[in-house]
Trainee: 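What follows is a single structure, and I will ask about it in a moment.
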Amino acid sequence: MVLNMTELSIAQWSNAQLDAARKLCTDGVLHDGPLPTILPSDPSIRVRVLAWDTADTVMAMKPEAVILQGEPVFVNAFLERYGTRIQCYSPCYDSDGKFVQFRRF
């Protein structure tokens, strides 16, 4: 299973993005994952704690890969927690917003 943790739900992905994501796992299953609400006024420590808690929840789901994109402090803290234990990727788009590839962190 691949877990999508971006603001763009799987239902909004292009066929190329769906196909690329399915290649990241053995069963071809894609799920939208839990994303906490992060406010611009939230202190960094709160964002880090949200990321750690979310990472713990994600690891319990046992995905083969995580597509991760969003608030930079959140992404960094998530990767610090489990980035070496699970394959994490960022979606890459061209200047027209067309999906190109997943880049591994």
Side-chain angles (χ1 to χ4, degrees):
M1 168 187 49
V2 171
L3 197 60
N4 171 41
M5 295 191 56
T6 71
E7 293 180 355
L8 189 63
S9 73
I10 292 169
Q12 298 171 296
W13 286 6
S14 68
N15 287 335
Q17 191 165 358
L18 291 167
D19 291 342
R22 286 188 182 107
K23 291 177 183 174
L24 299 176
C25 63
T26 56
D27 61 7
V29 174
L30 309 176
H31 285 291
D32 285 318
L35 279 176
T37 299
I38 300 171
L39 302 175
S41 58
D42 285 339
S44 292
I45 189 63
R46 175 170 163 43
V47 175
R48 293 180 68 75
V49 170
L50 286 170
W52 296 332
D53 290 346
T54 302
D56 291 343
T57 299
V58 165
M59 287 304 290
M61 299 170 75
K62 301 184 187 314
E64 291 178 75
V66 174
I67 309 301
L68 185 62
Q69 188 176 44
E71 203 283 335
V73 172
F74 178 89
V75 170
N76 185 59
F78 186 99
L79 292 169
E80 284 174 352
R81 187 84 156 186
Y82 290 119
T84 59
R85 293 179 53 199
I86 189 165
Q87 295 181 29
C88 294
Y89 298 87
S90 177
C92 301
Y93 303 93
D94 66 16
S95 60
D96 295 324
K98 183 179 174 186
F99 173 78
V100 175
Q101 68 173 350
F102 289 113
R103 180 174 293 130
R104 185 153 180 205
F105 281 101

Trainee: Nearest 0.5 Å, what's the CD1-CZ distance between I45 and R48?
Mentor: 6.5 Å

Trainee: How long is the span from the CG atom in L79 to the CZ atom in R81, to the nearest 0.5 Å?
Mentor: 13.0 Å

Trainee: Indicate yes or no: at least one non-hydrogen side-chain atom of V49 is less than 4.5 angstrom from one of R46.
Mentor: no

Trainee: Take V75 and F105, measure what side chain to side chain contact (heavy atoms under 4.5 Å, CB included) needs, and give me the verdict at the end.
Mentor: CA-CA 10 Å; V75 170; F105 281 101; 4.0 Å; yes

Trainee: Any idea which heavy atoms bring P34 and T57 closest together, and the distance?
Mentor: CG-CG2, 4.4 Å

Trainee: Fit a plane to each ring of F102 and W13, take the angle between them on a 0 to 90° scale, and name the class: parallel (under 30°), tilted (30 to 60°) or perpendicular (over 60°).
Mentor: tilted

Trainee: Run the side chain to side chain contact (heavy atoms under 4.5 Å, CB included) test on M59 and D56 for me, step by step, so that the C-alpha distance in whole Å, both residues' side-chain angles and the decisive distance to 0.1 Å come before the verdict.
Mentor: CA-CA 5 Å; M59 287 304 290; D56 291 343; 5.8 Å; no

Trainee: Return the minimal non-hydrogen interatomic distance between A21 and V2, and the atom names on each side.
Mentor: O-CG2, 3.3 Å

Trainee: Tell me, yes or no, whether the heavy-atom count around E7 atom CD, taken from other residues, nucleotides or ligands under 6.0 Å, exceeds 12.
Mentor: no

Trainee: Which pair of non-hydrogen atoms, one from G33 and one from M5, has the smallest distance, and what is that distance?
Mentor: CA-CG, 4.3 Å

Trainee: Say you draw a straight line from CG of L30 to CG of N4; how long is it, rounded to the nearest 0.5 Å?
Mentor: 8.5 Å

Trainee: Check for a donor-acceptor pair, side chain of E71 on one end and backbone N or O of V73 on the other, with a separation under 3.5 Å.
Mentor: yes

Trainee: For L39, is there any backbone N or O sitting under 3.5 Å from a side-chain donor or acceptor partner on D42?
Mentor: yes

Trainee: Grouping I, L, V, M, F, W and Y whenever their side-chain heavy atoms are under 4.5 Å apart, do W52 and L3 come out in a common cluster?
Mentor: no

Trainee: Tell me whether D96 contacts the main-chain N or O of K98 through its side chain, where contact means a donor paired with an acceptor under 3.5 Å.
Mentor: no

Trainee: Check M61 against M1 and note the closest heavy-atom contact, atom names and distance.
Mentor: O-CE, 3.4 Å

Trainee: Roughly how far, to the nearest 0.5 Å, is the SG atom of C92 from the CD atom of Q17?
Mentor: 10.0 Å

Trainee: Please say yes or no: joined through hydrophobic side-chain contacts below 4.5 Å, possibly via intermediate residues, are L24 and V100 part of one cluster?
Mentor: no

Trainee: Got a second to check how far L68's CG is from I86's CD1, nearest 0.5 Å?
Mentor: 10.5 Å

Trainee: Apply the test side chain to side chain contact (heavy atoms under 4.5 Å, CB included) to residues F99 and L8: give CA-CA distance (whole Å), side-chain angles for both, the deciding distance (0.1 Å), then the verdict.
Mentor: CA-CA 12 Å; F99 173 78; L8 189 63; over 6 Å; no

Trainee: Shared ILVMFWY cluster between Y82 and F74, side chains joined below 4.5 angstrom?
Mentor: yes

Trainee: For the residue pair A55 and F78, what are the closest heavy atoms and their distance?
Mentor: CA-CE1, 3.4 Å

Trainee: Out of curiosity, Q101 CD to Y89 OH, how far, rounded to the nearest 0.5 Å?
Mentor: 11.0 Å

Trainee: Can you give me the closest heavy-atom contact between L35 and T6, atom names plus distance?
Mentor: CD1-O, 3.2 Å

